[in-house]
There are 2 protein chains.
Amino acid sequence: MPSLSETIQSGGLKGNLLVTQCPSRQILKDVTSRWGVLVLIALQTGRLRFAELRRTVGGVSDRMLSQTLQTLERDGFVSRTVYDVVPPHVEYSLTPRGCDVAELVRALADWIENATPDIMAGKAPPPTESLSGITSD
Amino acid sequence: MPSLSETIQSGGLKGNLLVTQCPSRQILKDVTSRWGVLVLIALQTGRLRFAELRRTVGGVSDRMLSQTLQTLERDGFVSRTVYDVVPPHVEYSLTPRGCDVAELVRALADWIENATPDIMAGKAPPPTESLSGITSD
DNA sequence: GTAAGTACGTACTAAAATGTTAGTTTGAGT
DNA sequence: ACTCAAACTAACATTTTAGTACGTACTTAC
């Protein structure tokens, strides 16, 4: 049983991302990495080969793609199927766990795709508030 | 009106994150940045001062915190209220737009916090599939 | 014969993100 | 008087991340 201070500090028994040493931070980093997000989204459409992924995810380099895939595989988000033929044939797909995160990531991505025009337009939404005796910005 | 090829390539009129030059990628980067995620989550609990945020988000440095806050402010996710007194007093809070993303980010974070133990445990979920004539890994 | 495609690994370089330290200004606490 | 806290910024050092180029081993297309 965790100490009282630990329990209080982390706000419960589960990991708390706001605490420095929380291991969830690594997973978060893997999932929200530049290419991680995009690969997850790309694979939501189904099973894809390496080169198909490279074409789907605009701008990835071979190196980054394979690195990202390895990380996502380690975390159990994607599974890799190797057909032992030549030339090589490898397929990637989401695991059930991968499907779950991908949905959440997708939701975020969708929201952002929608909001981006507004954000780019008036880079100042409801401007900084004015309260008694205040200098804004 | 966008060209046919553009429309086809992006899969619609909205931004498509899978396309290299999509401006949404920048916003995505801002939101999913190492500290961006955590600040958004921290601010979900309410209005906070700079030093309170620093204490809440474990591990941030002054520099990163203020940089992250500036970015989030530019994107219209957080609003900054300056009380013109000395010593300085500044408060940060989520804008309506910020509340929206924060919820999605929070959902992702919650899922990850829950899944992390499993992920860390058996870094191999359903192991790489076996199909006819296949060498796995 | 030569080029291209496949799925990477490796080495090296460049660019971006992050961290560290110091300094600013002024009031409150001891 | 001296220190601390507040909210930053600037300068500089380091770490992480990403990109480029090349090699592999073999096949199909030109």
Side-chain angles (χ1 to χ4, degrees), chain A residues 20-21 25-39 42-43 47-74 78-93 128 131 133-137, chain B residues 20-21 25-39 42-43 47-74 78-93 128 131 133-137:
Chain A
T20 311
Q21 337 82 274
R25 285 205 182 172
Q26 182 56 53
I27 309 298
L28 180 70
K29 184 182 271 182
D30 295 345
V31 170
T32 62
S33 71
R34 174 164 183 194
W35 303 115
V37 177
L38 303 181
V39 165
L43 285 177
R47 172 178 291 264
L48 292 173
R49 300 181 60 173
F50 189 88
E52 290 172 329
L53 267 169
R54 192 206 303 132
R55 282 188 290 267
T56 303
V57 178
V60 231
S61 62
D62 274 16
R63 202 175 82 88
M64 277 299 107
L65 181 54
S66 80
Q67 204 170 100
T68 301
L69 285 168
Q70 281 172 27
T71 300
L72 293 177
E73 196 193 355
R74 265 213 327 280
V78 317
S79 81
R80 200 184 133 175
T81 308
V82 179
Y83 296 78
D84 195 13
V85 297
V86 66
H89 183 132
V90 181
E91 288 181 356
Y92 295 91
S93 60
T128 301
L131 300 184
I134 302 235
T135 299
S136 190
D137 212 9
Chain B
T20 310
Q21 337 81 275
R25 286 206 181 171
Q26 182 56 51
I27 309 297
L28 180 70
K29 184 181 273 182
D30 296 344
V31 169
T32 64
S33 71
R34 175 163 185 195
W35 304 115
V37 177
L38 303 181
V39 165
L43 284 177
R47 172 178 291 263
L48 292 174
R49 300 182 59 173
F50 188 88
E52 290 172 330
L53 267 169
R54 192 207 301 135
R55 282 188 290 266
T56 303
V57 178
V60 232
S61 62
D62 274 17
R63 202 175 84 87
M64 276 299 107
L65 181 54
S66 82
Q67 204 169 99
T68 301
L69 285 167
Q70 280 173 26
T71 300
L72 293 178
E73 196 193 353
R74 264 216 326 279
V78 316
S79 81
R80 199 179 112 119
T81 309
V82 180
Y83 295 77
D84 195 13
V85 296
V86 67
H89 183 132
V90 181
E91 288 181 356
Y92 295 90
S93 60
T128 301
L131 299 184
I134 302 238
T135 299
S136 190
D137 215 3

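Protein chains get the first letters and strands the later ones, always in sequence-line order, with residue 1 at the start of each.
Atom CD in A:E73 sits 13.0 Å away from atom CG in A:D30 (nearest 0.5 Å). To the nearest 0.5 Å, the span separating NE2 on A:H89 from CZ on A:R49 amounts to 4.0 Å. Between the CG atom of A:L38 and the OG1 atom of A:T68 there is a distance of 9.0 Å, given to the nearest 0.5 Å. Summarising the geometry, atom CD belonging to B:E91 is positioned 5.0 Å from atom CZ belonging to B:R47; distances are rounded to the nearest 0.5 Å. Of the inter-residue distances, the one linking A:S79 atom OG with A:L72 atom CG reads 11.5 Å to the nearest 0.5 angstrom.
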Which pairs, protein N/O on one side and nucleotides 16-22 of chain C N/O on the other, fall under 3.5 Å?
unit_1: C:dT18; atom_1: O3'; unit_2: B:R34; atom_2: NH1; d: 3.4
unit_1: C:dT18; atom_1: O4; unit_2: B:R63; atom_2: NH2; d: 3.1
unit_1: C:dG19; atom_1: OP1; unit_2: B:R34; atom_2: NH1; d: 3.3
unit_1: C:dG19; atom_1: OP2; unit_2: B:W35; atom_2: NE1; d: 3.2
unit_1: C:dG19; atom_1: N7; unit_2: B:R63; atom_2: NE; d: 3.2
unit_1: C:dG19; atom_1: N7; unit_2: B:R63; atom_2: NH2; d: 3.3
unit_1: C:dG19; atom_1: O6; unit_2: B:R63; atom_2: NE; d: 3.0
unit_1: C:dG19; atom_1: O6; unit_2: B:R63; atom_2: NH2; d: 3.1
unit_1: C:dT20; atom_1: O4; unit_2: B:R63; atom_2: NE; d: 3.4

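Nucleic acid contact for B:E52: none, since no nucleic acid atom lies under 4.0 Å from a heavy atom of the residue.
Not a single side chain to side chain contact (heavy atoms under 4.5 Å, CB included) links B:S33 to another residue, sequence neighbours left out. Considering only residues two or more places apart in sequence or on other chains, B:V60 meets the side chain to side chain contact (heavy atoms under 4.5 Å, CB included) condition with B:W35, B:V57, B:M64, B:L65.
Residues A:Y92 and A:V39 form no side-chain contact, since every pair of their non-hydrogen atoms from C-beta on lies 4.5 Å or further apart. In this structure, the side chains of B:T56 and B:L43 stay at 4.5 Å or more apart for every pair of heavy atoms.
For B:H89 and C:dG27, the NE2 to P distance is 17 Å, given to the nearest whole Å.
The nucleotide range of DNA chain D contacted by chain B, defined by atoms under 4.0 angstrom from heavy atoms of the protein and reported 5' to 3', is D:dA6 to D:dA11.
Rounded to 10 degrees, the angle separating the terminal axes of the helix from C:dG1-D:dC30 to C:dT30-D:dA1 is 10°, with each axis obtained from five end pairs.
Applying the salt bridge (charged side-chain N to carboxylate O under 4.0 Å, His left out) test to pairs two or more places apart or on separate chains, those with a residue in residues 53-65 of chain A are A:R54-A:D62.
Sequence order on DNA chain D of the closest nucleotides to B:S66 and A:V86 puts B:S66 first from the 5' end.
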